[in-house]
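Presented below is the structure to which this report refers.
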Amino acid sequence: MVWHRVQPGVRGRVRHADDPGLVLPDGAHLGPVPGPDLLAPVHDHQRSLSIAGAALGGTRRLDRDHQGGGGHGRDPGAGCNPHHPVRAPHPGRVVAARLNGALIAPTYTLQPMPEYDAEYSEDPLYVLRHSTAHVLAAAVTSLYPGTKYAGGPPVENGFYYDFDLPRPLGQEDLPEIERRMAEIVARGDRFEQVLLTHDEAVQRFRELDQPYKLHWVGEKASDDELVSCYRTGDFFDLCRGPHLASAADIPAFKLMRVAGAYWLGNEHNRQLTRIYGTAWFSKEELEDYLRALAEAERRDHKRLGRELRIFALDDRTGLGNVLWLPNGATIRRELERWIVDEEVARGYLHVVTPVVGRLELYRQSGHWERYRDSMYPVMEAENGEELELRPMNCPHHILVYQQEIRSYRDLPMRIAEIGNNYRWEKSGELMGMVRVRSFALNDAHIFCTPEQLHQEIVGAIELARYFMCTLGVTEYRYRLSVRDPDKSKYVGTDEQWANAEGALVGALESLGLEYELGRGEAAFYGPKIDFQVRDVQRREFTNSTVQVDFQMPERFGLEYVAPDGSRQRPVMVHRGAFGSMERMTAYLIELYDGAFPTWLAPVQVAVLPVTDAHLPYAREVAGRLRAARVRVHLDDRPDRVGKKVAEARDQRIPYLVVVGAREVEGQTVSVRHRSGEQRTQTVEEFLARLLEEIAQRRR
RNA sequence: GCCGACGUAGCUCAGCUGGUAGAGCUAUCGCCUUGUAAGCGAUGGGUCGGGGGUUCGAGUCCCCCCGUCGGCUCCA
């Protein structure tokens with residue numbers, strides 16, 4: 001669950017997926033923290049500041065966008081050219097992974113990751129937020145005696161702190177907590193580091209009756225290491241730091257919301273009350289951030305999806321089942337045509353298989369054993385046959401493979417389908433079109449020889465990159481998702497896993513791609529490369545994926561006939577170059593702010609007659625465009641042109657064609673692009689340019 | 001599933017401490033005949049998410065469900 005950002009030349013950092021950011025001290029890092037205490041505060045709007053309790057060698061400056069940034073680079077990998085879809089792999093550039101601060105050669109062995117990276121904690125914004133989290137805890141513990149505090153790290157846009165409270169806490173309690181925090185800030189309580197021996201620390205937290213802190217002291221520290229703690233007024237916390245010198249150095253903060261969070265991220269543990277907040281180096285930045293949140297809300301795919309009539313959710317379909325409205329279905333149809341054409345051009349064989357299978361099929365694949373809780377309830381027929389809505393396509397594609405004896409000459413065999421899958425996601429996990437219970441996966445399974453594996457992985461990555469590039473998706477990163485140390489969650493031998501991981505790393509490296517490590521993010525049957533994107537609210541999720549699998553071929557006894565006539569076992573690559581249609585569409589809605597490129601726009605041209613008198617000519621123009629397969633809307637309402645323009649703008653229609661007396665006279669059209677650009681031209685000129693733009697899938 | 005917030009017309013929302021629902025947009029119909037960011041009028045539209053309860057009286061208070069949103073967990 002620990003990701004390591006791998007980007008040579010860039011400050012590395014470790015994130016803990018379920019507790020991102022600065023977490024409680026890891027044993028390996030505990031001990032005396034060197035450096036001067038309590039430097040004088042020197043912060044300003046340039047965002048440099050001094051930090052107490054850490055050796056930073058003076059002040060540091062930070063440049064980052066208001067979204068917190070970090071992590072996502074722009075346009076990973078060069079050479080994006082959507083107009084030359086089938087490309088040769090570009091020359092490789094070997095990039096080493098960074099583990100535990102050391103560079104790892106391509107033939108690395110995976111080691112346990114630290115939870116924590118010192119560099120990470122020195123980021124001034126994170127220090128500010130970490131310190132604000134302490135102020136929050138100080139306020140909560142003073143307001144609600146008996147509170148047990150668990151942990152409170154900075155996170156991307158702020159911080160949180162988890163509490164076990166004597167009484168339930170709600171949103172309405174936040175203002176009072178904020179007031180108490182403001183008092184602490186006004187008083188200027190100092191952050192003082194206190195170093196204790198292990199026994200002293202245990203003693204101290206026993207006295208304070210803080211079982212969660214005792215857990216960390218006991219878990220993480222050994223006898224001969226000093227334990228770092230911080231005192232802020234009356235509040236005393238186990239913490240490695242570093243911190244601001246004083247609470248007075250917190251210029252702007254705000255508590256955002258209350259949520260539940262399980263102790264240690266385990267749903268079988270007690271659920272604690274988590275309070276989220278944000279903190280900034282100025283009131284202006286805080287306000288900018290809140291404005292950005294409001295803007296993100298306007299771009300949210302759930303909101304735009306309704307406003308632009310792209311999709312709808314209706315309880316009556318069962319939760320998490322999307323209704324694709326005509327506009328959305330148009331976008332999806334264009335995407336699918338493009339995907340299928342491109343895949344066929346790259347040697348994929350598209351198939352159509354059923355959305356149900358016998359339960360036995362999923363027993364054999366291993367999915368039933370592992371995922372039955374998130375599979376739809378079994379349908380049992382009168383004759384005892386048990387059918388299941390398929391949660392993924394692999395078993396069906398394996399059956400396609402098995403319809404004939406396959407020769408090495410048939411390999412690689414790339415079986416693809418845009419097929420519906422059904423998963424019984426927990427109700428609280430559903431989210432617009434991003435997390436649903438039925439979805440169409442742009443899925444494929446490549447059956448190949450071990451020797452072909454490398455090239456097939458490379459090809460799958462390049463296809464995904466081509467799709468992203470054409471769509472203008474530039475902000476994503478590659479995550480190599482591998483096993484975590486608890487191997488019981490996975491099937492297969494160590495050797496198989498090593499081979500599979502090696503193949504993925506080799507492909508990434510030959511493409512010169514930078515990646516991060518996703519420990520514990522592997523599928524149960526093998527490791528994978530995930531393409532991580534972020535939605536408009538900066539939440540990260542997986543769109544594309546490439547997975548290596550030695551297990552399914554064994555479970556299903558797959559074979560091919562080798563040149564020497566022997567029977568050999570193929571390797572499988574599972575890949576979703578595009579992710580699901582639902583998730584990708586949701587992502588694109590937000591990426592484009594609803595203004596889809598012309599080739600995808602549900603309505604490409606709106607024809608707006610100035611008065612009823614010009615309706616016949618408007619019909620003629622619309623008809624000529626339609627004849628060329630352009631998606632046209634003729635607005636024949638008796639309204640002002642201004643109003644029609646305003647509505648067309650709201651609908652993000654790329655081109656508005658206004659026709660009035662002048663156009664009828666000159667047999668022209670007045671074309672207004674949604675960017676505001678306007679020109680008068682003949683229908684032929686307009687149509688030619690339009691068709692070219694569509695054909696090239698220009699954005 | 002768990003924690004928190006929310007749920008009033010198709011959409012966006014108003015409705016103070018309980019006294020049997022309102023606006024704008026949309027839709028329909030009519031007038032206007034319009035030149036690139038919103039012309040005018042009329043009409044229609046809600047068992048206030050559902051079910052219980054308290055009360056003379058519940059959109060408003062209490063309980064239980066359902067759903068949405070934000071987190072947590074999960075994500076083949």
Side-chain angles (χ1 to χ4, degrees), chain A residues 18-19 155 160 162 165 168-174 256-276 293 297 300 302-303 306-307 309 312-316 319 362 365-375 390-395 421 423-432 434-436 439 441 443 521-526 528 530 537 539 541-542 545 547 549 551-552 574 576 583 606 608-615 637-650 656-663 670-673 676 678:
Chain A
D18 48 6
D19 193 6
V155 290
Y160 67 78
D162 287 344
L165 291 151
L169 209 61
Q171 206 88 17
E172 72 276 6
D173 297 302
L174 294 184
M256 303 301 287
R257 59 178 62 90
V258 180
Y262 301 105
W263 166 237
L264 299 179
N266 184 332
E267 66 178 323
H268 301 297
N269 287 344
R270 185 179 181 81
Q271 189 165 51
L272 307 173
T273 302
R274 173 170 296 180
I275 299 176
Y276 280 94
L293 283 184
E297 202 175 318
D300 188 289
K302 298 183 288 293
R303 180 191 180 104
R306 183 178 56 243
E307 287 176 2
R309 301 182 185 89
L313 295 169
D314 188 309
D315 302 349
R316 291 170 290 186
L319 302 190
Y362 305 106
S365 69
H367 289 94
W368 174 250
E369 183 189 351
R370 191 172 163 71
Y371 293 110
R372 73 173 77 184
D373 288 346
S374 47
M375 287 168 69
R390 66 174 171 190
M392 70 284 112
N393 305 310
C394 15
N421 286 220
R423 294 180 188 171
W424 191 259
E425 307 284 4
K426 291 184 209 166
S427 60
E429 290 161 349
L430 300 173
M431 189 166 80
V434 171
R435 195 78 185 271
V436 290
F439 53 93
L441 219 48
D443 204 8
E521 302 288 330
F524 75 93
Y525 49 71
K528 54 182 177 159
D530 295 320
Q537 296 183 57
R539 290 179 293 207
F541 54 91
T542 303
T545 183
Q547 314 178 354
D549 177 11
Q551 311 309 322
M552 294 290 155
H574 306 237
R583 180 171 285 190
L608 316 179
V610 175
T611 77
D612 291 349
H614 313 115
L615 252 176
R637 296 173 303 173
D639 274 312
R640 305 293 178 273
V641 176
K643 177 169 179 171
K644 296 178 189 176
V645 169
E647 289 188 6
R649 175 212 54 202
D650 285 347
L656 310 187
V657 167
V658 176
V659 291
R662 292 197 291 274
E663 288 72 24
S670 171
V671 179
R672 178 192 167 118
H673 187 253
Q678 205 172 314

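Labels below follow one simple rule: chain letters A, B, ... track the order of the sequence lines, proteins then strands, and each chain is numbered from 1. Computation of the quantities below employed the complete heavy-atom set of this structure, encompassing side-chain atoms and omitting hydrogens, waters and symmetry-equivalent molecules.
Using Watson-Crick or G-U wobble geometry with both donor-acceptor distances under 3.5 Å, B:G45 finds no partner in any strand shown. Using Watson-Crick or G-U wobble geometry with both donor-acceptor distances under 3.5 Å, B:C40 finds its partner in B:G30. In this structure B:A21 sits in no base pair that meets the Watson-Crick or G-U test at under 3.5 Å.
Of the side-chain N and O atoms in A:Arg640, none sit less than 4.0 angstrom from OP1 or OP2 of B:C40. Remark: A:Arg303 is not in phosphate contact with B:U12, judged by side-chain N or O atoms under 4.0 Å from OP1 or OP2. Distances shorter than 4.0 Å separate none of the side-chain N or O atoms of A:Tyr276 from OP1 or OP2 on B:G4. Residue A:Gln537 places at least one side-chain N or O under 4.0 Å from the OP1 or OP2 atom of B:G70. Here A:Arg672 reaches the OP1 or OP2 of B:A37: one of its side-chain N or O atoms lies under 4.0 Å away. OP1 and OP2 of B:A37 both lie 4.0 Å or more from every side-chain N or O belonging to A:Lys644. Using a 4.0 Å cut-off, some side-chain N or O of A:Lys643 falls inside it from OP1 or OP2 of B:U26.
By the criterion of a centre-to-centre distance under 5.5 Å and near-parallel planes under 30°, the ring of A:Phe524 forms no stack with the base of B:A76.
A:Leu430 has its CG atom 14 Å from the C1' atom of B:G70, to the nearest Å.
You'll find that the side chain of A:Ala646 is closest to B:A38, out of B:A38, B:G71, B:G35. Nearest nucleotide to the side chain of A:Lys302, out of B:C75, B:A5, B:G70: B:G70. Here B:A27 is the nucleotide among B:G67, B:A76, B:A27 with the atom lying nearest to any side-chain atom of A:Arg637. Taking every side-chain heavy atom of A:Gln678 into account, B:U36 is the closest of B:U36, B:G35, B:G67. Side-chain proximity of A:Glu429 to B:C75, B:U73, B:A38: nearest is B:U73. Checking B:G35, B:C72, B:U12 against the side-chain heavy atoms of A:Arg662 singles out B:G35 as nearest. Nearest to the side chain of A:Met431, among B:U33, B:G70, B:A76, sits B:G70. For A:Leu319, the side-chain atoms get nearest to B:G67 when compared with the rest of B:G1, B:C75, B:G67. Nearest to the side-chain atoms of A:Pro168 among the listed nucleotides B:C72, B:C75, B:G4 stands B:G4. The A:Arg274 side chain lies nearest to B:G71 when the options are B:G71, B:C32, B:A76.
A:Lys644 places a side-chain N or O within donor-acceptor distance of the main-chain N or O of A:Pro609, the cut-off being under 3.5 Å. In this structure a side-chain-to-backbone donor-acceptor pair under 3.5 Å is missing from A:Arg274 to A:Gly260.
Checked against the 6.0 Å centroid threshold, A:His367 and A:Phe524 count as a close aromatic pair.
Nearer to the 5' terminus of RNA chain B, by closest-nucleotide assignment, is the contact made by A:Gly642 (compared with the other of A:Gly642 and A:Ser374). The 5' end of RNA chain B is approached more closely, in terms of each residue's nearest nucleotide, by A:Glu307 than by the other of A:Glu647 and A:Glu307.
Contact annotation: side chain of A:Ser365 to base of B:A76, donor-acceptor pair absent below 3.5 Å. Donor-acceptor pairing under 3.5 Å, judged by distance alone, is absent between the side chain of A:Glu297 and the base of B:G70.
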